[in-house]
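Structure, as structure tokens:
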Amino acid sequence: MNILDRIIVDKKQEVVLKKSIIPVSQLEASVFFGKKTISLSNNLRNSNSGIIAEHKRRSPSKAEINYGFTVEEVVKGYESAGACGISVLTDGKYFGGSLDDLLLARASVNIPLLRKEFIVDEYQILEAKAHGADLILLIAAVLTREEIKSLSEFAKSLGLEVLLEVHNQEELEKSIMPTLDMIGVNNRNLKTFEVSLDFSKQLADLIPNEFVKVSESGISSVDAINKLKPYGYKGFLIGENFMKTDNAGKAATEFIQKLEVRS
């Protein structure tokens, strides 16, 4: 069993346990249920940088990235840096995140927030909405076409945007449907953790133009982004590159300034 399979087994059990103690009615009573969401896809279409900055404490491939920042410090730094949106990891066991991180991020900034999570159930989408997310991530590698369709339709019914993550042509072809807003290519193979920007380049022409193209993982330089832009990418998800520094917001500010100078 690879790491992705293990995460999904644990996630399904986690959802069962959460459903047993927090009813849907409690999630729907959240103040965020009546709040209009902010569109990340619009921000990306109208941006010169396209940066989606990530809050990530650790990962299966990096035991510890950074535990020294508060959520507020990181996300306010990202917002002032000019990020188009912020990705917040909410998985606890493998990434050191939580739904509280999402809630604190929402209390701190007014830019789009992505709940970065391994979503396998509508309940997690309700959680995302109840904790202030503007969009969710669906990972094609762990979902069938029917699951992608039902989960994306449910997200849209709550006013949430959907970023669909793929890693190869097969995942992309099974996933394309009108209930998606953005299609992200993960440059990291979630089964082997190998990283290469070639994944984004190879799949670019296969992504229909009505979806905003996003490149995820392994992006550590302005040069890498400038090489991806001619392929039609408008969004670039960067986490570890900022989080591993002493000041994530400052690192994001300097990166975006360099990017906008060269654009």
Side-chain angles (χ1 to χ4, degrees), residues 3 7 11 14 30 32 37-38 40 43-44 47 49-119 124 127-128 130-137 163 165 184 186-188 190 193 195 214-222 224-225 235-260:
I3 183 69
I7 290 172
K11 193 58 58 180
E14 181 185 304
S30 161
F32 295 115
T37 50
I38 313 163
L40 177 62
N43 280 10
L44 294 176
S47 169
S49 73
I51 298 299
I52 306 162
E54 190 159 81
H55 179 271
K56 178 163 68 171
R57 292 187 184 89
R58 63 183 169 90
S59 75
S61 60
K62 274 273 170 70
E64 181 175 329
I65 297 167
N66 202 319
Y67 278 85
F69 300 133
T70 66
V71 173
E72 182 184 14
E73 285 169 337
V74 173
V75 298
K76 281 189 169 175
Y78 285 161
E79 183 178 44
S80 63
C84 290
I86 298 170
S87 167
V88 181
L89 262 301
T90 61
D91 173 78
K93 180 175 178 180
Y94 297 92
F95 291 88
S98 71
L99 280 165
D100 276 351
D101 290 344
L102 185 57
L103 205 57
L104 290 168
R106 181 75 293 155
S108 304
V109 298
N110 289 305
I111 59 175
L113 295 179
L114 164 69
R115 181 185 187 188
K116 185 87 174 284
E117 181 58 270
F118 298 87
I119 289 180
Q124 294 163 290
E127 286 181 323
H131 289 78
D134 298 289
L135 66 151
I136 59 153
L137 177 75
L163 169 61
E165 176 181 300
N186 194 340
N187 299 306
R188 176 178 285 114
L190 289 176
F193 279 84
V195 177
V214 178
S215 186
E216 308 169 17
S217 299
I219 299 168
S220 58
S221 69
V222 169
I225 288 177
F236 308 93
L237 195 147
I238 301 177
E240 193 177 313
N241 204 49
F242 300 147
M243 288 294 294
K244 68 185 180 184
T245 67
D246 293 334
N247 186 325
K250 183 168 177 276
T253 300
E254 290 169 357
F255 191 95
I256 289 170
Q257 284 171 349
K258 276 189 218 162
L259 190 56
E260 290 180 336

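Along the sequence shown, the residues carry numbers beginning at 1.
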Closest approach of [X] to [Y] (non-hydrogen atoms, all atoms of both residues):
X      : Y      : answer
Gly235 : Leu44  : CA-CD2, 3.9 Å
Thr245 : Asn241 : CG2-O, 3.6 Å
Lys116 : Glu54  : NZ-OE2, 2.8 Å
Ala105 : Val88  : CB-CG2, 4.1 Å
Glu79  : Asn110 : OE2-N, 2.9 Å
Arg188 : Asn186 : N-OD1, 2.8 Å

**Prompt:** Would Phe236 and Leu259 count as a side-chain contact (heavy atoms from CB on, under 4.5 Å) if you check the C-alpha gap in whole Å, the side-chain angles of each, and the deciding distance to 0.1 Å?
**Reply:** CA-CA 12 Å; Phe236 308 93; Leu259 190 56; 5.5 Å; no
Pairwise distance [atom1]([X]) to [atom2]([Y]) - rounded to 0.5 angstrom:
X      : Y      : atom1 : atom2 : result
Ile219 : Ile52  : CD1   : CD1   : 9.0 Å
Ser87  : Ile238 : OG    : CD1   : 12.0 Å
Leu103 : Glu127 : CG    : CD    : 12.0 Å
Glu260 : Ser47  : CD    : OG    : 6.5 Å
Thr90  : Glu117 : OG1   : CD    : 3.5 Å
Ile111 : Asn43  : CD1   : CG    : 8.0 Å

**Request:** Run the numbers on Tyr78 and Val109 for side-chain contact (heavy atoms from CB on, under 4.5 Å), then give the verdict.
**Result:** CA-CA 9 Å; Tyr78 285 161; Val109 298; over 6 Å; no
**Message:** Can you tell me which residue among Lys11, Lys56, Arg115 is in a salt bridge (charged side-chain N to carboxylate O under 4.0 Å, His left out) with Asp91?
**Reply:**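 Going through the options one by one, the only one that passes is Lys11.
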**Item:** Side-chain heavy-atom pair Phe242, Val74 within 4.5 angstrom cut-off
**Value:**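 Heavy-atom side-chain distance check fails, nothing below 4.5 Å.
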**Message:** When you compare the side chain of Met243 with that of Phe69, does any pair of heavy atoms fall below 4.5 Å?
**Reply:** yes
**Prompt:** Knowing that exactly one of Leu113, Leu135, Asp134 qualifies, which makes a side-chain contact (heavy atoms from CB on, under 4.5 Å) with Thr37?
**Reply:** Asp134
**Prompt:** Does the pair Glu14/Lys93 count as a salt bridge with the N-to-O cut at 4.0 Å?
**Reply:** no
**Asked** Can we say Lys250 and Glu254 salt-bridge, meaning some charged N sits less than 4.0 Å from an Asp/Glu carboxylate O?
**Response**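 A salt bridge is present here (some side-chain N lies under 4.0 Å from a carboxylate O).
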**Request:** Might you work through the side-chain contact (heavy atoms from CB on, under 4.5 Å) test for Leu114 and Leu163, ending with a clear yes or no?
**Result:** CA-CA 9 Å; Leu114 164 69; Leu163 169 61; 4.1 Å; yes
**Request:** For Asn187 and Ser217, test the side chains for any donor-to-acceptor distance below 3.5 angstrom and give the result as yes or no.
**Result:** no
**Message:** Assess, by modelled atom type and distance only, whether the side chains of Glu72 and Ser108 contain a donor and an acceptor separated by less than 3.5 Å.
**Reply:**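 Note: Glu72 and Ser108 side chains miss the donor-acceptor criterion.
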**Message:** The test is side-chain contact (heavy atoms from CB on, under 4.5 Å); show your working for Ile51 and Ile225 and say whether it passes.
**Reply:** CA-CA 10 Å; Ile51 298 299; Ile225 288 177; 3.6 Å; yes
